[in-house]
*Asks:* 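This structure is in structure tokens; I'll ask about it shortly.
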Amino acid sequence: MSISNFSNILKIFRGDKPTEEEKQELFKEVAVMTLARATASDTNIKPVEIETVRLIIEKVIGDEVSEAEVRVQANSKLFESEPLEKYLSRAGRVLDVQDRITIAEALAEVIVSDARVTNKETRFFNMVADAFQLTPAELAGLIEND
């Protein structure tokens, strides 16, 4: 998987409605974008965080990415035009709640991977949860079964 092309994120940012296939690709793009960006959330990118992102992407998405690709996405110029929060908010309106929870859980795993959680990392996690409009109950795994 080449993680440098965020075409589905850019599509929804333009207001396009994704197909089911595009929605799955959007989930992958948002997961990669969020997790890669998390490694730089405290401005101290550690090798263990990069490796955790790589392993989670492989586990959750089923695609392999290199350390270099994660580092490139962590500092993507995409975020110079709009803040990450805006991209996540738009994507969150399209993604299913389970997809958003999966990304949040993976994000928590990345944040704790270096055995140290900083204030910047907790603010980053909270920003992602807010942008995805996840409730505390959803984050705790309490999802209603209709």
*Asks:* Return yes if some donor-acceptor pair links the side-chain N/O of Arg100 with the main-chain N/O of Leu95 below 3.5 Å, else return no.
*Replies:*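 A pair under 3.5 Å: yes.
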*Asks:* Could you give the distance from CZ (Arg90) to CD (Glu85), rounded to the nearest 0.5 Å?
*Replies:*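 It comes to 12.5 Å.
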*Asks:* Could you tell me if the side chain of Val110 sits less than 4.5 Å from the side chain of Ile56, heavy atoms only?
*Replies:*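 A side-chain contact under 4.5 Å exists here.
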*Asks:* Side chains of Glu29 and Val32: closer than 4.5 Å at any heavy-atom pair?
*Replies:*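 With C-beta onward as the side chain, the pair stays apart.
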*Asks:* So, taking the atom named CG in Leu107 and the one named CZ in Phe132, what distance separates them when rounded to the nearest 0.5 Å?
*Replies:*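 Those atoms lie 8.5 Å apart.
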*Asks:* Could you tell me if the side chain of Arg123 sits less than 4.5 Å from the side chain of Asn126, heavy atoms only?
*Replies:*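 SC-SC contact between Asn126 and Arg123 ruled out.
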*Asks:* Please indicate whether Gln133 has more than 12 foreign heavy atoms, meaning atoms of other residues, nucleotides or ligands, lying under 6.0 Å from its CD.
*Replies:*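 No, CD of Gln133 has 12 or fewer neighbouring heavy atoms, counting only those of other groups under 6.0 Å.
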*Asks:* Please round to the nearest 0.5 Å and tell me the distance separating atom OG1 of Thr19 and atom CD of Gln24.
*Replies:*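 Going from OG1 on Thr19 over to CD on Gln24, the span is 10.0 Å.
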*Asks:* Could you tell me the separation between the CZ atom of Arg93 and the CG atom of Leu88, rounded to the nearest 0.5 Å?
*Replies:*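 Nearest 0.5 Å value for the CZ-CG distance: 11.5 Å.
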*Asks:* Taking Arg54 first and then Glu58, would you say they form a salt bridge - that is, a charged N and a carboxylate O separated by under 4.0 Å?
*Replies:*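 So Arg54 does not pair with Glu58 through a salt bridge.
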*Asks:* If you compare all heavy atoms of Val65 against all heavy atoms of Ile57, which two are closest, and at what distance to 0.1 Å?
*Replies:*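 In terms of heavy atoms, the two residues are closest at CG2-CD1, 3.9 Å.
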*Asks:* Closest approach of Ile103 and Leu35, non-hydrogen atoms and distance?
*Replies:*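 Minimum heavy-atom contact is O-CD2, 4.3 Å.
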*Asks:* Just wondering, more than 12 heavy atoms not from Lys46 lying within 6.0 Å of its NZ?
*Replies:*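 Above 12, so yes.
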*Asks:* Out of curiosity, Asp96 CG to Phe27 CZ, how far, rounded to the nearest 0.5 Å?
*Replies:*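 Between atom CG of Asp96 and atom CZ of Phe27 there are 10.0 Å.
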*Asks:* Between Asp99 and Lys23, is there a side-chain N and carboxylate O pair less than 4.0 Å apart?
*Replies:*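 No.
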*Asks:* Would the distance check show the side chain of Glu69 and the main-chain N or O of Ser66 forming a donor-acceptor pair, the cut-off being under 3.5 Å?
*Replies:*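 Indeed, once roles are kept as given, a pair shorter than 3.5 Å links the two residues.
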*Asks:* Would you call Val117 and Phe125 a side-chain contact if the rule is heavy atoms closer than 4.5 Å?
*Replies:*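 Heavy-atom side-chain distance check fails, nothing below 4.5 Å.
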*Asks:* Do the charged groups of Lys28 and Glu25 touch, with an N to O distance under 4.0 Å?
*Replies:*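 Result for this pair is yes, salt bridge flagged.
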*Asks:* Side chains of Leu84 and Met127: does their closest heavy-atom pair fall under 4.5 Å?
*Replies:*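 Yes, side chains in contact.
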*Asks:* Is a side-chain N or O of Thr34 found less than 3.5 angstrom from the main chain of Ala31, in a donor-acceptor match?
*Replies:*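 No, because the side chain of Thr34 does not come within donor-acceptor range (under 3.5 Å) of the backbone of Ala31.
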*Asks:* How many angstroms lie between atom NZ of Lys120 and atom OG1 of Thr122, to the nearest 0.5 angstrom?
*Replies:*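 The OG1 atom of Thr122 is 11.5 Å from NZ of Lys120, to the nearest 0.5 Å.
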*Asks:* Which heavy atom of Arg116 sits nearest to which heavy atom of Asp114, and what is that distance?
*Replies:*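 The answer is O-OD1, 2.7 Å.
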*Asks:* Could you check whether any side-chain N or O of Gln73 sits under 3.5 Å from a backbone N or O of Val70, counting only pairs where one atom can act as donor and the other as acceptor?
*Replies:*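 Side chain of Gln73 to backbone of Val70: no pair is present.
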*Asks:* May I ask whether Val48 and Phe124 are part of the same hydrophobic cluster, defined by side-chain heavy atoms of I, L, V, M, F, W, Y residues being less than 4.5 angstrom apart, directly or through others?
*Replies:*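 They do not share one cluster, since no chain of ILVMFWY contacts under 4.5 Å joins Val48 to Phe124.
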*Asks:* Would Ile50 end up clustered with Leu55 when hydrophobic side chains under 4.5 Å apart are linked, directly or stepwise?
*Replies:*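 No, Ile50 does not connect to Leu55 through the hydrophobic network.
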*Asks:* Between Ala36 and Val53, what is the shortest heavy-atom contact and its length?
*Replies:*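 That closest heavy-atom pairing would be N-CG1, 4.3 Å.
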*Asks:* Does the side chain of Tyr87 reach to within under 4.5 Å of the side chain of Val30, using non-hydrogen atoms?
*Replies:*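 Side chain of Tyr87 against side chain of Val30, heavy atoms only: no contact under 4.5 Å found.
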*Asks:* Does any N or O in the side chain of Thr102 come within less than 3.5 Å of the main-chain N or O of Gln98, such that one atom is a donor and the other an acceptor?
*Replies:*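 Between the backbone of Gln98 and the side chain of Thr102 there is a qualifying donor-acceptor contact (under 3.5 Å).
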*Asks:* Any side-chain to backbone donor/acceptor pair from Ser41 onto Ala38? Under 3.5 Å, distance only.
*Replies:*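 Yes.
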